[in-house]
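Worksheet: one structure, shown below.
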There are 2 protein chains.
Amino acid sequence: METTTFSALSEPNRLRIVELLLLGPLTVGEIAKRLDIRQPQASKHLKVLLESGLVEVEAIANRREYRLRPEPFRQLTTWLASYRDLWEERFDNLDIYLKRLQDQSNDRTSEPTPEES
Amino acid sequence: METTTFSALSEPNRLRIVELLLLGPLTVGEIAKRLDIRQPQASKHLKVLLESGLVEVEAIANRREYRLRPEPFRQLTTWLASYRDLWEERFDNLDIYLKRLQDQSNDRTSEPTPEES
DNA sequence: TTTGAATATTCCTTTACAGGAATATTCCAT
DNA sequence: ATGGAATATTCCTGTAAAGGAATATTCAAA
């Protein structure tokens, strides 16, 4: 997995831009207005998003229409799939067994330790 | 969506740590060794991952065993789901129609265009 | 109680990056 | 050709963050 995608999304205004673009392509000025930021900052953030491959541009007269690119989201989805067993909290039985054992030993160390039957 | 998750994953070594922990809980020293980084840097990165909620610790004697927490991955999955139509490239028909029109005009502008010159 | 192993923290330096302000560029209409 | 709108770029400054080195802390065992 490329860290550039995470890096691009780690800036709040850029994440907001991405979420805005989910609703459809937008122009720089529209993005700046909706996010209440200055146009140069919008352009800079869009440049980062562009270089990270998260968006693409289309020149229309003197405007630039930015839209999301599917690829990074596909990659992200693939990457996240590796963690599916984790976030579904479906570990395999061995792990669950070991975790319970370990929890019990934790209990023992923090208690007066009455011998178990 | 919280940007802290993306921020935590935007650092290459931290992403490597997360991918290591997918295979199971690990101790600081083991992580440092496998990633070939120094122990203090491993501790620092783990601290960031801890504060972002991506991992949790369990103290075992003088060791600390770090493991992934499911929650952030669940959130990430939920967030990504909003983009599913996008990365599956299933736009509604109007968008597809407009995009094809635009591609055609792009082709034209990049060709010799007999009428010009 | 001392020792050594594992880990955390602090201090320092360097670098990356975000916002502000100003300016450059590009395009259409006139 | 010129002016104005939309956008990009540059320069500046402050700040966050990463790695290196050294040190502090914590724990178990002897």
Side-chain angles (χ1 to χ4, degrees), chain A residues 2-18 20-21 25-52 54-67 102 105-106 108-111 113, chain B residues 2-18 20-21 24-67 102 105-106 108-110 113 116:
Chain A
E2 282 279 353
T3 58
T4 60
T5 302
F6 292 126
S7 175
L9 296 173
S10 70
E11 209 285 325
N13 281 324
R14 281 199 295 267
L15 182 59
R16 292 172 67 199
I17 289 178
V18 167
L20 257 187
L21 292 182
L26 283 177
T27 208
V28 178
E30 289 167 330
I31 292 173
K33 186 188 303 174
R34 300 204 196 186
L35 264 55
D36 193 36
I37 60 179
R38 300 170 196 281
Q39 173 267 318
Q41 327 305 333
S43 283
K44 288 180 203 172
H45 283 311
L46 285 164
K47 185 178 187 180
V48 174
L49 290 172
L50 191 63
E51 287 168 347
S52 75
L54 275 163
V55 304
E56 61 189 7
V57 216
E58 180 190 355
I60 302 179
N62 59 347
R63 309 187 183 187
R64 305 289 175 93
E65 204 180 68
Y66 285 86
R67 71 186 60 206
Q102 151 211 313
S105 74
N106 282 348
R108 264 189 248 108
T109 53
S110 56
E111 280 172 12
T113 314
Chain B
E2 281 278 354
T3 58
T4 60
T5 301
F6 291 127
S7 175
L9 295 173
S10 69
E11 208 286 327
N13 281 322
R14 280 198 294 266
L15 183 58
R16 292 172 68 201
I17 289 179
V18 167
L20 258 187
L21 292 183
L26 283 177
T27 208
V28 178
E30 290 169 329
I31 293 173
K33 186 188 302 175
R34 300 203 196 187
L35 263 55
D36 194 34
I37 60 179
R38 302 171 196 277
Q39 173 266 319
Q41 326 304 334
S43 283
K44 288 180 203 172
H45 283 311
L46 285 165
K47 185 179 186 179
V48 174
L49 291 172
L50 191 64
E51 287 168 347
S52 75
L54 275 163
V55 304
E56 61 188 7
V57 216
E58 180 190 352
I60 302 179
N62 59 345
R63 308 187 183 187
R64 305 289 175 93
E65 204 180 68
Y66 286 85
R67 71 188 59 208
Q102 150 209 318
S105 72
N106 281 348
R108 265 188 248 110
T109 53
S110 55
T113 313
E116 298 182 10

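All figures in this text were calculated on a predicted structure; none of them were measured in a lab. All chains are named by letter (A, B, ...) in the order of the sequence lines, taking the proteins before the strands, and each is independently numbered beginning at 1.
- Taking atom CD of residue B:E65 and atom P of nucleotide D:dC27, one finds them 16 Å apart after rounding to whole Å.
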Identify the pairs formed between an N or O of the protein and an N or O of nucleotides 3-5 of chain D at a distance under 3.5 Å, and give each distance.
| unit_1 | atom_1 | unit_2 | atom_2 | d |
| --- | --- | --- | --- | --- |
| D:dA5 | N3 | A:N62 | ND2 | 3.2 |

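- Electrostatic pairing of B:E65 and B:R63 does not count as a salt bridge here, judged by no charged N lying under 4.0 Å from a carboxylate O.
- Minimum heavy-atom separation, A:L46 to A:I17: CD2-CG2, 3.9 Å.
- Near DNA chain C, meaning a heavy atom under 4.0 Å from it, residues 10-18 of chain B has no residue at all.
- If you take CG of B:L26 and P of C:dT7, they are 11 Å apart, rounded to a whole angstrom.
- B:R38 places its CZ atom 9 Å from the C1' atom of D:dA21, with the value rounded to the nearest Å.
- Going from atom CD of A:E58 over to atom P of C:dC27 covers 14 Å, rounded to whole Å.
- Taking atom CD1 on B:I37 and atom C1' on D:dA21, their separation rounds to 16 Å, with Å as the unit.
- Judged as a side chain to side chain donor-acceptor pair (under 3.5 Å), the pairs with a partner in residues 33-42 of chain A (not counting sequence neighbours) are, in order, A:Q39-A:S43.
- Protein atom CG of B:L35 is 14 Å distant from nucleotide atom C1' of D:dG19, rounded to whole Å.
- Rounded to an integer number of Å, the gap from CD1 of A:I60 to P of C:dT26 is 18 Å.
- Minimum heavy-atom separation, A:V57 to A:R64: CG1-CB, 3.6 Å.
- Dashed line: the shortest gap from a side-chain N or O of B:T27 to OP1 or OP2 of C:dT7 is under 4.0 Å.
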Short heteroatom pairs, N/O only, protein and nucleotides 8-11 of chain D, under 3.5 Å:
| unit_1 | atom_1 | unit_2 | atom_2 | d |
| --- | --- | --- | --- | --- |
| D:dA8 | OP1 | A:Y66 | OH | 2.6 |
| D:dA8 | OP2 | A:S43 | OG | 2.5 |
| D:dA8 | N7 | A:Q39 | NE2 | 2.7 |
| D:dA8 | N6 | A:Q39 | OE1 | 3.4 |
| D:dT10 | O4 | A:K44 | NZ | 3.3 |

Less than 3.5 Å apart, which donor and acceptor atoms pair up between the side chains of residues 8-16 of chain B and the rest of the protein, not counting sequence neighbours?
| unit_1 | atom_1 | unit_2 | atom_2 | d |
| --- | --- | --- | --- | --- |
| B:S10 | OG | B:S7 | O | 2.7 |
| B:E11 | OE1 | B:N13 | N | 2.8 |
| B:E11 | OE1 | B:R14 | N | 3.1 |
| B:N13 | OD1 | B:R16 | NH1 | 3.1 |
| B:R14 | NE | B:A8 | O | 2.7 |
| B:R14 | NH1 | B:H45 | ND1 | 3.2 |

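- Side-chain N/O atoms of A:H45 include none lying less than 4.0 angstrom from OP1 or OP2 on C:dC17.
- Taking the ring pair (Phe, Tyr, Trp, His ring centres under 6.0 Å) definition, one finds that B:Y66 meets it with nothing, sequence neighbours left out.
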Review point. Between A:I31 and A:L21, does a side-chain contact (heavy atoms from CB on, under 4.5 Å) hold up when you go through it step by step?
Key: CA-CA 9 Å; A:I31 292 173; A:L21 292 182; 4.2 Å; yes
